[in-house]
Trainee: 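For reference, the structure I am asking about is given below.
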Amino acid sequence: MDAILLQILNGLDKGSAYALIALGLTLIFGTLGVVNFAHGALFMIGAFCAVTLQRLLNLSFETVDETQKDFLGNPLKVKTPYVEAWFGPETGAAIIDWSVPLAILVAIPIMLLVGYVMERGLIKHFYKRPHADQILVTFGLAIVLQEIVKYFFGANPIQTPPPEALSGSIDLGVMVGFDPNAIIYPIWRLIYFAFATLIIGGIFAFLQFTTFGMVVRAGMADRETVGLLGINIDRRFTIMFGIAAAVAGLAGVMYGPLNPPNYHMGMDFLVLSFVVVVVGGMGSLPGAVLAGFLLGILESFASTTWATTTIPGINQIIIYLVAIIVLLTRPRGLMGRKGVMED
Amino acid sequence: MSKNDVTRRRVLKTGAVAGAGLAMPTVFTAQSASAFTNEPTGSNVILGFNVPQTGPYAEEGNDELLAQQLAVEHLNGEGDGGCLNTFTSKALKGNGILGKKVEFVTGDTQTKSDAARASAKSMIEKDGAVMINGGSSSGVAVAVQGLCQEAGVIFMAGLTHANDTTGKDKKANGFRHFFNAYMSGAALAPVLAAEMGKERRAYHLTADYNWGWTQEESIVASTEALGWETVNTVKTPLASTDFSSYIAPVLNSGADVLVLNHYGGNMVNSLTNAIQFGLLDKVANGKDFKIVVPLYSELMAAGAGENIKGVLGSMNWNWQLQDEGTKAFVKSFGEKYEKPPSNSAQTCYAQVLLYADAVERAGTFNPCGVVEALEDFEFDGLGNGPTWYRGADHQCFKDVLVVRGNENPTNAYDTLEIVEITPRAQVEYDPEHPMFAGGSLGECNPGS
C-alpha cells in the first residue's frame, strides 16, 4: 500500500509538470489556433530565469588569500558575493538561498514579455498558414532558443537547489497512520504539486470569473461573432499567449530544484506534453489537466519493478500506448470538443 | 534586360564536372600509389579530433578539444612542452611528427554514432587525417573504431568505459587509453568492503544501453565476490529525466546501497533525486544507507553540486595526482586555460602524444607500423604512473583512482577527493576474461 501511495505521489508530481505545460499549449491552441512547438522552450527559459537570478545574486568580488593556494600553487582568490557584502553574511546568504522562490517574481514579467514578443514578432504571421508551417517555424524557434541558452550557460546541468528550509524530505506515512519511514517524500516535490494546483486553479478561475476570461472563452467558441461586437479579441488572445508563456515559465522555475536545468529540458517535455494535449482533447483545458495527471501516474506505475518485469519496456511506451487506446476509443480525446482540428 | 544563358545541357555539363571534382579526393585515395591511407607527402600532417561539440556532452568535448590543441602546440615546439618533458620515451623533439608540422581538423560527434562516423569519414576522406582521436561515448567509440579499421587509419578512442570497446568490439587499428567498467569494479570493491563492510544489499539503477549493461555486470560481479547481495537491477531508459519513480521503490526494497550505473545528465538527475528522497539520511538493515556512482567525471561532479558529497566512485585520472606527468600537464593546461583539466582532457592529450611518439619510434605514419610501436608499449610520465598498452586487446593498463565527493571543497575544482590510487596489477585481467570475450583484433589495415 505504501509503495502504491508513493507512486501516486510521484505520478502527481510528474503530472504537475505535464499539466502545466499542456495547459499553456491548449490555451494557445484554443485561442490562436497555433500548434506551438516552442512551448517546451518557454518551460526551459523559465528554469533559466532561476539560473540567471542565482548567478546574479552570486556575483562576487575577489580578494587574495595568501594562506591558501589554488590548483597552480598561486595564492587563492577568494570570492565574496556582493549581496553578502551589502547586507551582511547571514542576510546575503539567505537571499542567495531563496533564489528560486525569488525567481518566480522575476520570471513572471520576463515570461509575459517573451510570450508577447514571440507572438507579435513571429507567430502572428503564421495564423493563416497550415498547421504544418506553424509546427516547422515554432520547432525551429525552439532549437534557436535552446542553442542560445547553451551558448551562454553551457551544456552541463546547473543546480538550482531549493531553500535549505524546504530541502530534504518528510515522513508523510506517519501523518496518515503508516509505520515510520514507510512513505518518505521530498518537501519540494510536494510544494511543486501544490504550486501547480494553485496555478491551474488560478487560470481556471481567471477564465471563469473575470470579464476578460469570459470574453476569451467567448472568442475561443466563436471568434468572428466576438469581433463583430466591437471587441478587440486579437489583443486579448495575445495577452493569453503571454499568460500561457508565463505558466510554462513558472513551471520551469519551480522544476529546477527537482532536476537541474539544462538547455535541452524543454525538448524532453515537448513531445510528452503534446501527447497529453491530444489525449486530453485538442482545445480542452480540463482535458489537458486531467490527461497530464493521469499520464503522470500511469508513467510512474509503469516504472515499478513489477511492471517492467511483467511487460519489459512498458515504462518507455506506456504514454504512447495509452494515447493509442484513447484515440481509438475516443478519437477527440478524453474531453475533446466536436469540430476542433477536424476541418 | 539581361540575357539568361542557363540551358539544360549546360547545367548537366556543369553538374558532371562539379561531381567529378567533389569525388576527386576519394578517387585519388582509392587509386593512388600511396602505401597507406592519407600518407603525408607535404611538410605537414593532419590529425582529426572527433569530439562532441554539440549535444549533452559538449562540455566534455570542449575540454577534450582544448587538450588536443595543447598537445599539438607541444608537438610543434610551442608553449612549455608539457608532458614532453616528463614522458619516459624521448622520441618526441618538439619539431612536429617526423619533422612535419602538426595541424588538425575537428569533427562534431554530437554523441551520436551515425554523426560521429560521418564526421570521422569526412576528416579522413576530405581532410586527409591520419589519426582520429576523441569522443565521450562507448557507442560512438565502437562505431568510429569500426570505421577507422575499414579506412586504414589509427583510432585513439577518447572517453569510452564499456568493456566491449576493447572486448568483443576491439579492432587492430584502435587503442583505448581510458579505463573500463571491469577496472572500475576491481578498483572500487576493496574500498567498498573497507568502508561499508562485506554484508551489504545493493540495488542497481542502470542506464539501458550497452555501457550501462557492462558496468552493471562488472560492479555486480565485483561486489558479489565481496559477499554483497544484489537485491535488484533495474534498467532505466536513457531518455529519462526524472528518476523519482525508480528511486521510490528503493526505499522499501531491503537494500542498503544504491548503485547508480548512470553517466552525464542521467547521473546528475538520478543522484539529485536520490538525495531528495533522503536516501543518505536513511538507516537500512541497521546500517547507514550509501550511494555509489562507479564512473565519475569532474564535469558530472560539478553538475551534481552538493549532492555528490561523500559519494564514492572511480576515475581514470584526476588533476590532484602528484606524479610528475600530471603536474606538468596541469601546469600547462591551467596556465593556458585558467582551470584544471578534466580526465577526458587528460586522456585525449596523452593519446595525441602517444600516437606521435609511436610514429616517431616506428619511423613511419603507416598505421601498421604505429600499431606495432604501440602494442605492449610501456612508459611513464603522462600521468597515473607506469602504463602499459597491452598488445593482446589494445587496452591501456595503469593505476585507477577511487574518489569521493569532497565534504569540504575549497573551490570550484576540488569537488572530488582521491580516496585511493588502486595499483595497476589489481585491475588487470586476462584478455580472454568472459566479460571481454567474443571479439578479435583482426589484422592491422593500412588502407589505401
Trainee: So which heavy atom on B:Tyr246 is nearest to which on A:Asn315, and how close?
Mentor: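 Minimum heavy-atom separation between B:Tyr246 and A:Asn315: OH-ND2, 2.8 Å.
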Trainee: Looking only at heavy atoms, which of residues 262-270 of chain A get nearer than 4.5 Å to chain B?
Mentor: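 Under the 4.5 Å heavy-atom cut-off, A:Tyr263, A:Asp268 qualify.
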Trainee: Rounded to the nearest 0.5 Å, how far apart are OH of B:Tyr203 and OG1 of A:Thr305?
Mentor: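 Rounded to the nearest 0.5 Å, the OH-OG1 separation comes to 3.5 Å.
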Trainee: State, with a plain yes or no, whether a side-chain heavy atom of A:Pro161 is found less than 4.5 Å away from one of B:Glu306.
Mentor: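 No, their side chains stay 4.5 Å or more apart.
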Trainee: With a cut-off of 6.0 Å (strictly less than), are more than 12 heavy atoms of other residues, nucleotides or ligands near NZ of B:Lys309?
Mentor: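 Yes.
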Trainee: With a 4.5 angstrom heavy-atom cut-off, could you sort out which part of B:Val330 is near chain A: side chain, backbone, both or neither?
Mentor: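 Contact with chain A is through both the backbone and side chain of B:Val330.
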Trainee: For chain B, find its close neighbours in residues 297-304 of chain A: heavy-atom separation under 4.5 Å, sorted by number, or none.
Mentor: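 A:Ser300, A:Ser303 fall under the 4.5 Å cut-off.
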Trainee: Taking CZ in A:Phe178 as the centre, count heavy atoms belonging to other residues, nucleotides or ligands within less than 6.0 Å. Is the count above 12?
Mentor: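 Atom CZ in A:Phe178 is packed in, count exceeds 12.
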Trainee: Counting N and O atoms only, with roles assigned by atom type, does the side chain of A:Asn156 sit under 3.5 Å from a partner on the main chain of B:Met300, one being a donor and the other an acceptor?
Mentor: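 Pair absent, no side-chain N/O of A:Asn156 close to backbone of B:Met300.
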Trainee: With a 4.5 angstrom heavy-atom cut-off, could you sort out which part of B:Lys235 is near chain A: side chain, backbone, both or neither?
Mentor: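 Answer is backbone: N, CA, C or O of B:Lys235 sit under 4.5 Å from chain A.
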Trainee: In terms of heavy-atom proximity below 4.5 Å to chain A, should B:Asp242 be classed as side chain, backbone, both, or neither?
Mentor: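 Contact with chain A involves both backbone and side-chain atoms of B:Asp242.
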Trainee: Would you indicate whether B:Glu338, at its atom CD, is surrounded by more than 12 heavy atoms from other residues, nucleotides or ligands within a distance under 6.0 Å?
Mentor: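 It does not: B:Glu338 CD has 12 such atoms or fewer within range.
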Trainee: Could you have a look at B:Gly61, B:Ala58, B:Ser244, B:Ser240 and say which one has the most heavy-atom pairs with chain A under 4.5 angstrom?
Mentor: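 Ranked by contacts with chain A, first place is B:Ser244.
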Trainee: Counting only heavy atoms from other residues, nucleotides and ligands, does the tally under 6.0 Å from NZ of B:Lys287 exceed 12?
Mentor: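 Above 12, so yes.
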Trainee: Go through the atoms of B:Ser253 and report whether side chain, backbone, both or neither lie under 4.5 Å from a heavy atom of chain A.
Mentor: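 Contact with chain A is absent: no heavy atom of B:Ser253 under 4.5 Å.
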Trainee: Quick one about B:Thr272 and A:Gln159 (side-chain donor to acceptor, distance below 3.5 Å, no hydrogens or angles considered), yes or no?
Mentor: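 Judged by distance alone, the side chains do pair up.
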Trainee: Just wondering, more than 12 heavy atoms not from A:Glu164 lying within 6.0 Å of its CD?
Mentor: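 Open: at most 12 neighbouring heavy atoms sit under 6.0 Å from CD of A:Glu164.
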Trainee: With sequence neighbours left out, what residues match B:Phe333 under ring pair (Phe, Tyr, Trp, His ring centres under 6.0 Å)?
Mentor: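 Partners of B:Phe333 under the ring pair (Phe, Tyr, Trp, His ring centres under 6.0 Å) test: B:Phe329, B:Tyr337.
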Trainee: Could you walk me through whether A:Gln316 and B:Asp208 pass the side-chain contact (heavy atoms from CB on, under 4.5 Å) check?
Mentor: CA-CA 11 Å; A:Gln316 305 198 43; B:Asp208 196 6; 3.6 Å; yes
Trainee: Let me know if B:Leu299 has heavy atoms under 4.5 Å from chain A in its side chain, its backbone, both or neither.
Mentor: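 For B:Leu299, heavy atoms of backbone and side chain both lie under 4.5 Å from chain A.
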Trainee: Chain B contacts: which residues in residues 63-75 of chain A have a non-hydrogen atom closer than 4.5 Å to it?
Mentor: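 At a heavy-atom separation under 4.5 Å, chain B is reached by A:Gln68, A:Phe71, A:Leu72.
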Trainee: For chain A, find which of B:Gly305, B:Ala239, B:Gly334, B:Gly278 contributes the most heavy-atom pairs closer than 4.5 angstrom.
Mentor: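 If we count pairs closer than 4.5 Å to chain A, B:Gly334 comes out on top.
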Trainee: Can you tell which part of B:Glu335 gets under 4.5 Å to a heavy atom of chain A, answering side chain, backbone, both or neither?
Mentor: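 Both the backbone and the side chain of B:Glu335 come within 4.5 Å of chain A.
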Trainee: Closest heavy-atom contact between B:Ser245 and A:Lys14?
Mentor: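 Closest approach of B:Ser245 to A:Lys14: OG-NZ, 3.4 Å.
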Trainee: How long is the span from the CG atom in B:Asn269 to the CG atom in A:Leu258, to the nearest 0.5 Å?
Mentor: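 If I round to the nearest 0.5 Å, the distance is 10.0 Å.
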Trainee: Is A:Pro257 close to chain B through its backbone or its side chain, or both, or neither, when contacts mean heavy atoms under 4.5 Å?
Mentor: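 Backbone only.
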Trainee: Please state whether the side chain, the backbone, both or neither of A:Tyr151 comes within less than 4.5 Å of a heavy atom of chain B.
Mentor: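 No part of A:Tyr151 comes within 4.5 Å of chain B.
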Trainee: Mind listing the closest non-hydrogen atom pair of B:Gln53 and A:Lys150 along with its distance?
Mentor: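 Closest pair (atom of B:Gln53, atom of A:Lys150, distance): O-NZ, 4.0 Å.
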Trainee: By a 4.5 Å heavy-atom criterion (distance strictly below it), what part of B:Asn307 contacts chain A: side chain, backbone, both, or neither?
Mentor: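 For B:Asn307, the contact with chain A is made by the side chain alone.
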Trainee: Find the distance between CD1 (A:Ile183) and CG (B:Asn252) and round it off to the nearest 0.5 Å.
Mentor: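 Answer rounded to 0.5 Å: 8.5 Å.
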Trainee: Heavy-atom pairs under 4.5 Å with chain A are the metric here; pick the option from B:Asn232, B:Asn62, B:Thr241, B:Asp281 that has the most.
Mentor: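 Most heavy-atom pairs within the cutoff with chain A belong to B:Thr241.
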